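None of these values were measured; they are calculated from a predicted model. Count residues from 1 along the sequence. All ligand and atom numbering here is 1-based and tracks the order in the structure.
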Amino acid sequence: MSSVLAIVLAGGEGKRLMPLTLDRAKPAVPFGGIYRLIDFALSNIVNSGYLRIVVLTQYKSHSLDKHIASTWRMSSLLGNYVAPVPAQQRMGKHWYLGSADAIYQSLNLIEEEKPDYVVVVGADHVYRMDFSQMVDAHIASGKACTVAAIRQDIEESDQFGVIETEPSSPEVISRFVEKPKQTAGLADDPTQVLASMGNYVFTADALVEAVTKDANDPDSAHDMGGDIVPYFVDQGEAGVYDFIRNDVPGSSDRDRDYWRDVGTLDAFYAAHMDLISIHPVFNLYNEKWPTFAGVRNVPPAKFVHAGPGRVGSAVDSIVSPGVVVSGAQVSNSVLSPDVRLHSWSGVSDSVLMDNVSVGRHCQVHRAIIDKNVVIPPRTQIGLDAEKDRARGFHVTESGLTVIGKGTVIEPS
Ligand code: ADQ
């Protein structure tokens, strides 16, 4: 069996998720009650059978490092590991110049491991994928580089690497343009393009050679999508792997091609609203391809106080362990561990992260509230955008109120 090293690019800053990325890297942003964004990429890698994993971190990596160390610690008995590797500054006193530089600076890890193939994936997406099927396709193609691809609306093409192929050889990339302002649609559907998912398989020697050449190229931006993939395309060595071919155990026709960038606050919120819908597209309960999470030793969730004028209840919601809903009503919401809700309060259409406490007689609607925020009694959030802005809360264009980690809210 061929040996595979997996590299997770986890250095992204996630500016569009502010204030959730104020003091954590985007891959460390909590998602879906008990997960962090990176758990989806790491679970895919582990479920694919690859247990030697390097996570390249840089920007505000403390909570990411802590999460990896506590959740993803593996038994070293069989030589397995998930190793967070911060920027090594091997090439001078600067952080990674780009994602290709991140790999270049970490080449010693590839040299030590001596894999046949390297799987490189981003850490910012929610999806399921069996990378072993992509590695098999890569080996069968004989190419040096394979790029995973998914159809996306043409209006979004300036956010993706856009892949073009010739009808005579549809599995070979003939042109790859990173985030084009303008591009042509697909022949069979002009409203769509074939977009890179930012997941790649490389033959190890070819990757080492490519990033080494790239490091010595003064004109390069040292970016995987902008520089390394086009380098392989120029050599006729880049193949495309259509995500639609990927058949993950336990997936349904509905969530088979689910792949979401939750890189904006509105997209992050929409993905949560999908999770709590009665028939979500993305099925968290697929036991054949589990998403692993850090499970702390906290008590079960509890609902108390059903009396006149108050009911401790939650409907159409995800409720994590350690939550206590005491005489408050919750609907269409995601509650992370240790959230506390007090009497005569209502929380609707919201995402509350770990340890948020909602006092008595509060109303919280269409809000994302980051960890450790204490909401004093009689506070209203998400009901009046102007009032929320005046208090210094972030309100998105679509009217979503977002409160950063640990924000101290003055009683109103
Ligand atoms: P982007 O996501 O815009 O496009 P990038 O910002 O390089 O590209 O992020 C890719 C991954 O690398 C993310 O997981 C990010 O966290 C990480 N990353 C970014 N800079 C890094 C650094 N210096 N060190 C370590 N990790 C870093 C990419 C591709 C496109 C493709 C989209 C799909 O370039 O071609 O279409 O992903 O979303």
Answer with yes or no whether [X] contacts ligand 1, where contact means a heavy atom under 4.0 Å from a ligand atom.
X	answer
A10	yes
D124	yes
E178	yes

Could you tell me how the ring of W259 sits relative to the ring of Y127: parallel (under 30°), tilted (30 to 60°) or perpendicular (over 60°)?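 The arrangement is perpendicular - the two ring planes meet at more than 60°.
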
Any non-hydrogen protein atom below 4.0 Å of [atom]?
atom	result
atom 14 (O) of ligand 1	yes
atom 4 (O) of ligand 1	yes
atom 10 (C) of ligand 1	no

Would you please test K179 and D223 for salt bridge (Lys or Arg N to Asp or Glu O under 4.0 Å) and show each step? CA-CA 12 Å; K179 301 176 184 159; D223 183 59; over 6 Å; no

What do you reckon, does [X] have a nitrogen or oxygen under 3.5 Å from a nitrogen or oxygen of ligand 1?
X	answer
G12	yes
F160	no
G198	no
W259	no
G11	yes
Q159	no
L56	no

Can you confirm whether E171 is buried at CD, in the sense that more than 12 heavy atoms of other residues, nucleotides or ligands lie under 6.0 Å from that atom?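 No - once you tally the heavy atoms of other residues, nucleotides and ligands closer than 6.0 Å, there are 12 at most.
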
Within reach of ligand 1, part of Q58 (heavy-atom separation under 4.0 Å):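 Only the side chain of Q58 comes within reach of ligand 1.
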
Just heavy atoms, cut-off under 4.0 Å: does T57 contact ligand 1 by side chain, backbone, both, or neither?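 It is neither; nothing of T57 touches ligand 1.
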
I'd like to check [X] versus [Y] (side-chain heavy atoms, cut-off strictly below 4.5 Å). Are they in contact?
X	Y	value
K60	T21	no
R16	F268	no
V325	Q329	no
H138	T203	yes

Proximal atoms of ligand 1 relative to [X] (non-hydrogen, under 4.0 Å):
X	answer
A102	24 (N), 25 (C)
G161	30 (C), 31 (C), 35 (O), 36 (O)
G122	14 (O)
M197	33 (C)
H125	38 (O)

Going by atom types alone, do H342 and S326 pair a side-chain donor with an acceptor below 3.5 Å?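 No - no donor-acceptor pair under 3.5 Å links their side chains.
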
Students should be able to answer this: which protein heavy-atom is nearest to [atom], and at what distance?
atom	result
atom 24 (N) of ligand 1	Y96 CD1, 3.1 Å
atom 31 (C) of ligand 1	S196 O, 3.2 Å
atom 12 (O) of ligand 1	L9 CB, 3.2 Å
atom 7 (O) of ligand 1	D223 OD1, 3.6 Å

For atom 8 (O) of ligand 1, which of E13, Q152, K179, M224 has the closest heavy atom?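 Comparing heavy atoms across E13, Q152, K179, M224, the nearest one to atom 8 (O) of ligand 1 lies in K179.
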
For the rings on Y104 and H222, is their centre-to-centre separation under 6.0 Å?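 Y104 vs H222: aromatic centres not under 6.0 Å.
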
Counting the benzene-type ring for Trp, do F31 and H272 have ring centres under 6.0 Å apart?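 Yes: the rings meet the under 6.0 Å criterion.
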
Minimal non-hydrogen separation, D266 against L400, with atom names: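 Minimum heavy-atom contact is OD1-CD2, 3.7 Å.
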
Heavy-atom pair of closest approach, residues I244 and R256: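 Nearest heavy atoms, I244 then R256: O-NH2, 3.2 Å.
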
Rounded distance [0.5 Å steps], CD in E164 versus OG1 in T183: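 Interatomic distance, E164 CD to T183 OG1, rounded to 0.5 Å: 5.0 Å.
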
Once you round to the nearest 0.5 Å, how far does NE2 of H62 lie from CG of D23?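 With rounding to 0.5 Å, NE2 (H62) is 9.0 Å from CG (D23).
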
Applying salt bridge (Lys or Arg N to Asp or Glu O under 4.0 Å) to R391 and D384, what does each step give before you reach the verdict? CA-CA 11 Å; R391 284 155 118 186; D384 183 331; over 6 Å; no

